[in-house]
There are 2 protein chains.
Amino acid sequence: MPTPHFGQPRYRAIASELRQRIESGAIPLGALLPTEGALTAEFRASRGTIRQAIAVLREDGLATTEHGRGTYVNAHTRFHRSGTPDDLETIRETVADEKLAALFGIEPGAPLVEHEIVTRRSGEVKVVVRTYRLLNQQQR
Amino acid sequence: MPTPHFGQPRYRAIASELRQRIESGAIPLGALLPTEGALTAEFRASRGTIRQAIAVLREDGLATTEHGRGTYVNAHTRFHRSGTPDDLETIRETVADEKLAALFGIEPGAPLVEHEIVTRRSGEVKVVVRTYRLLNQQQR
DNA sequence: AGAAATTTGTCCGTATGTATC
DNA sequence: AGATACATACGGACAAATTTC
């Protein structure tokens, strides 16, 4: 069989289809996706293509895959406006180390405001973001 | 050929090697990586495995791939949209201090990927943002 | 507790499509 | 137009983690 992929690659089309099933509720949040074997049968695509489609969902934060277990639809992904239960936000005053001091052009030990946001997904820390600003600095 | 991957998968080992070449300067920032074909020959791995290794570098923000062109090592300086020049983005591998180690549930000293964005406005550093993620090296 | 079945992870080789040089 | 380089897709094989019996 040739491999004609005009506009949309096969794996993206499959990813879209799966995404739609998730958003429509056909596949409930927190549930397992069909196995790779089942999806290869349904879409009559190779396993590699199916895995690529699932990788798209993972990259978009919609699913999480576990070895030997399967791929879950992430329970609480979208629509987390303010007060996300899974994010932790901390604001504290800290002091500049050598590197930060050099960047800001201040003395090491001088005060800075540190803003830290910890993002978790399924209990695991996914990313830690820290912003540093000078004290009493007004936005423009 | 069998597939003996004891501790570390082949594609991760290759990714580490490439990462090291980048950090050591053997492959300069902004330069093109060797082509997939060249890497296939050098590491005697299949093209799929090479592409998996390069994907790791992309996920860590170290490289960018362009169809038909090649894979670039991301340079320190990133493009700025119109208006606000003078942003500087740095990606480096660092080690977890006590606090970060506790957050991620890893050992202090374990490697992390740090993205740092320094925003200046008329020569003055306005804000420093640092994000920390697990290296694509350790699975868990 | 142990063995088998299930499911995802890694790797190979090949072929063809598409973008860039 | 031709050569080069990345993108997509197939099929097969074995490894490793989990679940089931």
Side-chain angles (χ1 to χ4, degrees), chain A residues 1-19 22 27 30-74 121-124, chain B residues 1-18 27 30-60 62-74 134-140:
Chain A
M1 280 283 233
T3 313
H5 51 279
F6 32 92
Q8 172 140 293
R10 199 113 152 62
Y11 74 93
R12 290 211 174 271
I14 295 173
S16 294
E17 169 63 25
L18 292 176
R19 180 204 269 328
I22 292 169
I27 301 177
L32 280 171
L33 281 178
T35 68
E36 294 175 358
L39 293 173
T40 53
E42 178 186 347
F43 291 101
R44 289 207 210 104
S46 74
R47 201 179 145 216
T49 299
I50 295 298
R51 283 176 61 77
Q52 234 175 323
I54 293 176
V56 171
L57 301 183
R58 269 198 307 270
E59 281 166 31
D60 288 350
L62 272 126
T64 304
T65 301
E66 291 179 28
H67 191 168
R69 204 167 272 161
T71 298
Y72 293 93
V73 178
N74 287 340
R121 194 128 62 205
S122 337
E124 269 180 46
Chain B
M1 275 299 215
T3 313
H5 53 280
F6 32 93
Q8 172 147 287
R10 202 103 183 317
Y11 75 93
R12 289 192 187 279
I14 295 173
S16 294
E17 169 63 24
L18 292 176
I27 302 177
L32 279 171
L33 247 57
T35 67
E36 294 175 355
L39 294 172
T40 298
E42 177 186 345
F43 290 103
R44 283 196 224 111
S46 76
R47 202 174 146 226
T49 299
I50 295 297
R51 283 176 61 77
Q52 236 175 322
I54 293 177
V56 170
L57 300 183
R58 269 199 306 270
E59 281 166 31
D60 283 349
L62 272 122
T64 303
T65 301
E66 291 178 29
H67 193 165
R69 204 183 280 264
T71 298
Y72 292 94
V73 177
N74 287 340
L134 289 176
L135 198 55
N136 239 320
Q137 202 70 13
Q138 56 223 14
Q139 73 288 17
R140 178 196 153 60

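Labels below follow one simple rule: chain letters A, B, ... track the order of the sequence lines, proteins then strands, and each chain is numbered from 1. What you are looking at is a predicted structure, and each value in this text was computed from that prediction instead of being measured.
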Discussion item. According to side-chain contact (heavy atoms from CB on, under 4.5 Å), who are the partners of Ala38(B), at least two apart in sequence or on a separate chain?
Written reply: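 Here the qualifying residues are Pro34(B), Thr35(B).
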Over how many whole Å does the gap from [X] atom [atom1] to [N] atom [atom2] extend?
{"X": "Arg12(A)", "N": "dA9(D)", "atom1": "CZ", "atom2": "C1'", "value": "15 Å"}
{"X": "Gln52(A)", "N": "dG9(C)", "atom1": "CD", "atom2": "P", "value": "14 Å"}
{"X": "Gln8(A)", "N": "dA7(D)", "atom1": "CD", "atom2": "C1'", "value": "14 Å"}
{"X": "Tyr11(B)", "N": "dG9(C)", "atom1": "OH", "atom2": "P", "value": "9 Å"}
{"X": "Glu66(B)", "N": "dC6(D)", "atom1": "CD", "atom2": "C1'", "value": "11 Å"}
{"X": "Tyr72(A)", "N": "dT19(D)", "atom1": "OH", "atom2": "C1'", "value": "11 Å"}
{"X": "Leu57(B)", "N": "dC6(D)", "atom1": "CG", "atom2": "C1'", "value": "15 Å"}
{"X": "Arg10(B)", "N": "dC12(C)", "atom1": "CZ", "atom2": "C1'", "value": "11 Å"}

Discussion item. Ignoring hydrogens, what is the shortest heavy-atom contact between Tyr72(A) and Gly30(A)? Give both atom names and the distance.
Written reply: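 Smallest interatomic distance, heavy atoms only, reads CD2-O, 3.5 Å.
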Worksheet item: Which residues in residues 34-43 of chain B have at least one heavy atom lying under 4.0 Å from any atom of DNA chain D?
Response: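 Those residues whose heavy atoms fall under 4.0 Å from DNA chain D, taken from residues 34-43 of chain B in numerical order, are Thr35(B), Glu36(B).
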Discussion item. With the threshold set at under 4.0 Å for non-hydrogen atoms, list the residues of residues 44-51 of chain B touching DNA chain D in residue-number order.
Written reply: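 Of all residues in residues 44-51 of chain B, the ones placing a heavy atom under 4.0 Å from DNA chain D are Arg47(B), Arg51(B).
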Listed partners of [X] passing side-chain hydrogen bond (donor to acceptor under 3.5 Å, both in side chains), at least two apart:
{"X": "Gln52(B)", "result": "none"}
{"X": "Ser46(A)", "result": "Thr49(A)"}
{"X": "Glu59(A)", "result": "none"}
{"X": "Arg12(A)", "result": "none"}

Worksheet item: Can you name the salt bridge (Lys or Arg N to Asp or Glu O under 4.0 Å) partners of Arg58(B), sequence neighbours left out?
Response: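 Scan of Arg58(B) (salt bridge (Lys or Arg N to Asp or Glu O under 4.0 Å), adjacent residues dropped) gives none.
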Discussion item. Please determine whether side-chain contact (heavy atoms from CB on, under 4.5 Å) holds for the pair Ile27(A) and Ile22(A), giving the CA-CA distance in whole Å, both sets of side-chain angles, and the decisive distance to 0.1 Å.
Written reply: CA-CA 5 Å; Ile27(A) 301 177; Ile22(A) 292 169; 4.3 Å; yes
Please tabulate, one pair per line, each protein N/O and nucleotide N/O from nucleotides 1-3 of chain D that are separated by under 3.5 Å, including the distance.
none

Practice prompt. Show your working on side-chain contact (heavy atoms from CB on, under 4.5 Å) between Leu62(B) and Val73(B) and close with a plain yes or no.
Written response: CA-CA 6 Å; Leu62(B) 272 122; Val73(B) 177; 5.6 Å; no
Fill in: Of the listed nucleotides dA9(D), dC6(D), dT18(D), the one nearest the side chain of His67(B)
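Side chain of His67(B) sits closest to dC6(D).
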Fill in: side-chain contact (heavy atoms from CB on, under 4.5 Å), paired with Leu39(A), selected from Ile14(A), Ile54(A), Thr71(A)
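Single pass found, and it is Ile54(A).
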Worksheet item: Has the side chain of Arg10(B) got a donor or acceptor atom that lies under 3.5 Å from a matching backbone atom of Phe43(B)?
Response: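 Checking the backbone N and O of Phe43(B) against the side chain of Arg10(B), a donor-acceptor pair under 3.5 Å is found.
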